[in-house]
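What's counted below: heavy atoms across the whole structure, side chains too, no hydrogens, waters or symmetry copies. Here is how names work: the chains are called A, B, and so on, in the same order as the sequence lines, proteins then strands, and each is numbered from 1.
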Amino acid sequence: MKSKSMWSFGTREVVYGAIGAALYGILSWASNFVPLPAAGNISFRPAIAVMVFFGSAFGPWVGLLTGLLGNTLGDALTGWGLYWNWSVGNGLIGLVAGLAVNLIKNYRSGRDIGIGVGYGILGNAVGLLFASLTEIFVGGIDLNTALVGYFTPAFLGNSVVTIILLPILLVAYAAVAARRGR
Amino acid sequence: MSDQPVLQVINLSFRYHSRPDIAIEQISFDLQPGEMLLVAGASGCGKTTLARCINGLIPRSYHGDRSGSVLVKGREVSQMSLVEVAQQVGTLLQDPERQIVSSYVVGEIAFGLENLGLPREEIYRRMDEVFDRLNLNHLRERETFTLSGGEKQKVALAGVLVMRPAVLLLDEPLASLDPASAHEAIQIFRSLADEGTAIILIEHRVEDALQARPDRLLYMENGRMCYLGAVDTFPKELNYHAVKLPAPWVVQRVMQEKKPSLMTVLPQPANPQAEKLVSFKNVSFAYGDGPEVLHNINLDIRQGDLIAVLGPNGAGKSTLVKHAIGLLKPTRGEVLIKGVDSREQSVAQIARSIGYVFQSPTHMLFAPTVREEVAFGPENLKFDKQDIQRNVTESLSVVNLVGMEGYPPLGLSFGQQKRTTIAAVLAMRSEIMVLDEPTAGQDYANYTRFMDMLCRAQDGEGRSLLTANFKATLFITHDLDLAVTYANRILLISEGRLVADGSPESVLRDFTLLESCRVRPTSLLRMNLELLPKTGHFLPAEALAPYFSDAYSKSNHSISAGL
Amino acid sequence: MLVTWKYRPRDTFIQSLDPRARLTFMACVILAITATDVWDARLLLPVFAISMVLYFMARIEWRDVRRAWIFILVFILFIIGLNALLGGRGGPLSVLQDDSSVLYALSIPIPLTPWRINLTVTVVRSFFALVQMMRMITMAALAIPIPYTIDPSIYGVTFRRMGASDKLSFTMDLAFRFVPTLGRDFMITMDAQRARGYELESVRGGLIQRLRRLAPLLVPVTMQAIVNGEEVIDAMDLRAFGARRRTWLRELHLRQRDYWFMALGVIILVIMMTARILGYGEFWVPGFWYRLVGT
């Protein structure tokens with residue numbers, strides 16, 4: 001059963017936020033070992049689809065935690081470091097994707113899946129724009145560089161991943177959700 | 001012992017909003033301090049719902065219509081706050097893996113007390129007590145992920161006991177443990193009851209649970225109480241198909257009912273001269289630079305083998321089996337699959353010869369429909385389209401899933417999921433079937449049905465699903481009775497060594513050897529060994545009844561001697 | 001392959017600090033070099049030096065960080081190169097109104113369009129690129145050591161002590177708890193699918209096909225985690241999670257060295273801000289640079 005408000009924050013959100021974050025971290029880390037398709041400097045990170053999915057299925061808080069903590073964990077596992085702006089950016093992706101939670105009623109219907117994908121792409125636009133723009137202050141680069149160097153490749157890659165993998169995850173979840181007893 | 005019951009369940013009924021049928025109906029019982037109540041029944045009998053009513057998850061987290069009352073120390077549970085219930089009713093969930101919420105042992109045990117907001121000194125004081133009580137001091141600095149199954153459960157139990165509950169609710173606490181750890185856990189439960197904790201032990205493995213000497217037994221079927229009373233005699237209400245009873249009880253029941261015993265088809269004895277399918281030659285293995293976990297294993301898997309691989313957790317059973325399917329390659333020695341070194345074959349190539357069914361179906365199910373799920377393997381192996389279609393149809397009919405082709409596997413019941421995984425391997429037309437813990441996660445009634453589906457004769461020629469479709473089968477198990485009933489060859493693994501390899505009748509008679517490998521003899525094994533001169537080979541409990549003379553049945557003690 | 005953390009206990013000054021002090025310091029330095037918009041190399045160089053000294057004091061084994069550094073350096077060069085290529089705007093005004101002598105000029109026509117890409121490297125711009133690099137490396141040197149030197153088990157309590165709520169902070173701890181378990185589940189699923197003939201390496205076809213082929217790995221791991229999550233929720237509710245203000249058993253103590261360390265961060269920030277208010281900190285090209293690269 002869906003909760004009344006998508007903004008309630010209880011044990012459920014803590015648990016799924018943590019699971020989402022751990023999965024996002026592990027999948028980001030595993031991307032280093034698993035051969036993934038790439039086109040030019042666009043890399044495709046399947047972890048993004050999982051994050052957007054956690055938002056669509058469990059709401060904005062879980063999406064936010066999945067991205068925010070998950071990106072931090074992923075960078076910690078790979079050893080890249082701690083980059084607050086990219087963690088916040090990822091959190092925003094999940095948060096915006098999670099705004100669709102109450103609009104998705106049937107995880108199998110094409111229309112509802114389309115809504116999920118739409119919010120996922122919107123989330124990617126918002127989150128990646130935030131992270132890319134902060135890089136202007138860090139590196140003293142201009143807006144074009146931020147858009148071409150940071151935003152565009154990540155946005156294209158993430159959008160393709162969302163369009164292809166999110167529907168698969170939503171359809172799979174339909175069966176799991178139907179079995180739940182609460 | 002005071003006269004005031006610590007727990008009173010009065011006319012309790014519950015129906016989930018999400019389901020049409022009533023889950024439990026008119027349940028009533030009392031529990032005194034220090035009393036242990038064993039609750040038994042097949043899955044779906046309502047025991048989980050009963051537990052949720054007692055620990056307050058119903059009505060807090062699970063919604064539905066509840067009537068009647070649950071009183072803990074005279075107060076209605078549904079009206080107590082989360083903080084109050086948590087300190088009165090402690091719940092140990094089935095799988096400690098999901099109960100443990102901290103990366104560290106100390107964090108796990110402190111978790112509940114931290115949530116209560118107790119001062120640090122008080123938390124440390126109570127933790128010290130529990131560490132001493134359960135002899136866990138050696139685990140104090142450990143990370144929870146690195147603990148063994150038995151250790152995990154003790155830590156999870158400590159995290160519950162530290163809250164000093166008056167009632168301890170144990171939900172299938174033996175399910176994820178190997179027999180030796182289960183035995184240890186049972187003794188802890190007994191001593192906790194002796195110290196005054198009221199315990200509700202929910203378990204379908206009645207035979208094992210009886211070792212905890214419960215004071216009373218509640219047996220449930222379809223949400224109703226069928227029996228509530230003493231356990232020293234075998235109550236006639238218990239259905240030996242639904243829960244696992246001691247072998248002597250089953251025999252006694254079969255004799256009383258005077259029903260003709262089932263026509264069991266025994267596994268044909270293994271033939272040590274049959275065609276070699278897989279050979280292990282001096283196989284040793286270590287992960288990376290780590291210590292060696294398999295030492296010099298030599299064995300041949302031959303046509304007609306029905307092998308049970310026995311041994312405690314961490315002995316190397318899975319590591320051994322993963323060599324047979326090429327997921328691991330030996331560090332020394334070689335594994336030959338149909339005469340070819342496993343190092344020269346990819347896992348996908350070996351998959352054509354050997355199919356592996358992993359323990360948990362959820363580790364592999366992903367497709368939107370059962371049909372696509374079952375077709376996945378043959379598609380990977382590049383079978384023709386027509387062959388794939390035929391294999392899928394045939395496999396699904398073999399495991400009784402016809403009509404389910406269009407269903408999502410993730411939405412099926414656990415038993416159906418398990419059968420889907422079998423069909424997925426069948427459709428690959430492998431020659432050898434490997435099953436990892438085929439009964440894990442299922443209750444007794446379901447796993448007996450599942451094993452019967454695999455092993456009992458189906459066609460006129462007395463062939464079973466396994467023998468008709470595979471040249472050999474190998475299953476890893478903790479459950480000694482499974483080995484007694486279904487195997488024709490036993491591999492006993494301990495500490496990375498193959499310590500015994502032979503027929504069940506020869507390997508399982510050596511109790512000293514079994515105990516040294518942390519395998520505990522069961523009543524069925526004892527009874528079979530006793531009757532072996534008459535039967536000639538091991539039999540399931542029902543089939544043993546005819547071998548007892550009438551004289552035997554009159555003197556009850558000789559039958560229960562097996563207990 | 002087991003998921004392992006990069007953290008190792010080390011007997012270093014850095015690791016003896018309270019994580020709150022380190023995060024506060026890091027926040028001050030990030031603010032000091034970004035928000036204030038200081039571009040004067042004479043002000044940035046000391047900050048760069050401090051962050052490099054701290055980096056080496058962390059004594060992280062080169063073998064561990066090599067990959068991260070190579071990746072980050074290549075990326076920094078890419079971004080700076082791209083910035084130059086796209087016209088080199090951004091940064092302070094003086095870089096835009098640049099009439100210094102041209103070192104190198106390149107004009108490439110973009111095929112099939114009337115446009116050309118112009119790359120003009122001047123004396124001023126070349127030094128600007130150097131300062132950009134210095135700033136980015138300063139940040140990287142602060143960011144990279146964090147996972148190697150802060151014990152994952154204290155992230156949660158660190159969050160809590162920095163003002164995050166009980167629930168949010170515990171989410172971090174719980175996520176750490178799940179990482180090894182889910183990592184193991186991922187490997188089991190990988191093995192289970194390989195036993196069904198699945199091969200990641202031999203995936204053919206277009207982009208869409210190849211991404212879809214990841215479903216057999218992603219779906220089981222995700223769905224199993226979700227199913228198990230239901231029981232974790234029960235386990236936590238049954239032990240009164242979220243019912244009251246939590247005690248956090250793990251304690252953090254700010255010691256004298258932590259206060260000194262935070263003070264250093266605040267001093268850097270204050271100096272930068274004061275310099276800016278007083279009108280210092282504009283981009284500046286040292287005289288020797290003209291002599292060194294100028295023609």
Could you go through the side-chain contact (heavy atoms from CB on, under 4.5 Å) check for Ile123(B) and Leu249(C) one step at a time? CA-CA 8 Å; Ile123(B) 295 180; Leu249(C) 198 58; 3.8 Å; yes
Tyr124(B) versus chain C, the contacting section by heavy-atom distance below 4.5 Å: side chain
Measure the CG-CZ distance between Asp234(C) and Arg60(B) for me, rounded to the nearest 0.5 Å. 12.0 Å
Side chain from CB out, backbone as N, CA, C, O: work out which of these in Phe170(C) comes under 4.5 Å of a heavy atom of chain B, or both, or neither. side chain
Check whether the side chains of Arg239(C) and Asn115(B) place a donor and an acceptor atom closer than 3.5 Å, and report yes or no. no
Which one, Leu118(B), Leu327(B), Leu82(B), leads in non-hydrogen pairs under 4.5 Å with chain C? Leu327(B)
Which atoms of Gln349(B) are under 4.5 Å from chain C, going by heavy atoms: the side chain, the backbone, both sets, or neither? neither
Who among Leu365(B), Ile325(B), Leu381(B) has the most heavy-atom pairs with chain C under 4.5 Å? Leu365(B)
If you count heavy atoms of other groups shown closer than 6.0 angstrom to CZ of Arg212(C), is the number above 12? no
Who in residues 148-166 of chain C is close to chain B, using a strict under-4.5 Å heavy-atom cut-off? Asp151(C), Ser153(C), Arg161(C)
If you check every heavy atom in residues 250-268 of chain C against those of chain B, which residues fall under 4.5 Å? Arg250(C), Glu251(C)
Write down the atom of Gly197(C), the atom of Ala351(B), and the distance for their closest heavy-atom approach. N-CB, 4.2 Å
What part of Glu108(B) gets closer than 4.5 Å to chain C, counting heavy atoms only: side chain, backbone, both or neither? both
Interatomic spacing from OH in Tyr104(B) to CZ in Phe176(C) - rounded to 0.5 Å: 9.0 Å
Step-by-step side-chain contact (heavy atoms from CB on, under 4.5 Å) determination, Arg177(C) to Ile100(B): CA-CA 9 Å; Arg177(C) 146 79 182 91; Ile100(B) 290 177; 3.8 Å; yes
Evaluate the ring planes of Phe241(C) and Phe111(B), with Trp represented by its six-membered ring, and classify them as parallel (under 30°), tilted (30 to 60°) or perpendicular (over 60°). parallel
Asp191(C), part contacting chain B, at a heavy-atom distance under 4.5 Å: both
Interface residue of largest heavy-atom contact number with chain B, from Arg244(C), Gln224(C), Arg196(C), under 4.5 Å: Arg196(C)
Can you tell me if CD1 on Ile208(C) sees more than 12 non-hydrogen neighbours from other groups inside 6.0 Å? no
With a 4.5 angstrom heavy-atom cut-off, which part of Ser346(B) approaches chain C: side chain, backbone, both or neither? side chain
Output for pair (Thr362(B) OG1, Asn228(C) CG), nearest 0.5 Å, gives 7.0 Å
Shortest non-hydrogen contact from Phe366(B) to Pro220(C)? CB-CD, 3.7 Å
With a 4.5 Å cut-off on heavy-atom pairs, point out which of Ala86(B), Pro361(B), Pro119(B) contacts chain C the most. Ala86(B)
Output for pair (Thr181(C) OG1, Arg98(B) CZ), nearest 0.5 Å, gives 11.0 Å
Interface moiety of Met236(C) toward chain B, non-hydrogen atoms closer than 4.5 Å: both
Counting heavy-atom pairs under 4.5 Å with chain C, the top scorer among Glu97(B), Gln94(B), Met428(B), Met163(B) is Glu97(B)
Under 4.5 Å heavy-atom distance to chain C, tell me which part of Ser360(B) shows up: side chain, backbone, both or neither. side chain
Apply the test side-chain contact (heavy atoms from CB on, under 4.5 Å) to residues Thr247(C) and Leu113(B): give CA-CA distance (whole Å), side-chain angles for both, the deciding distance (0.1 Å), then the verdict. CA-CA 8 Å; Thr247(C) 307; Leu113(B) 303 179; over 6 Å; no
Are any of the side-chain heavy atoms of Asp237(C) and Ser61(B) separated by less than 4.5 Å? yes
I'd like to know which of Val83(B), Asn55(B), Val101(B) tops the heavy-atom pair count under 4.5 Å against chain C. Val101(B)
Backbone N/O of Met364(B) and side chain of Gln193(C): donor-acceptor pair under 3.5 Å: yes
I need the residue from Ala367(B), Gly288(B), Gly159(B) with the largest number of non-hydrogen atom pairs under 4.5 Å to chain C. Gly159(B)
If you count heavy-atom pairs within less than 4.5 Å of chain B, which of Val227(C), Val219(C), Ile188(C) leads? Ile188(C)
Would you mind checking which part of Arg194(C) comes under 4.5 Å of any heavy atom in chain B, side chain (CB onward), backbone (N, CA, C, O), both or neither? both
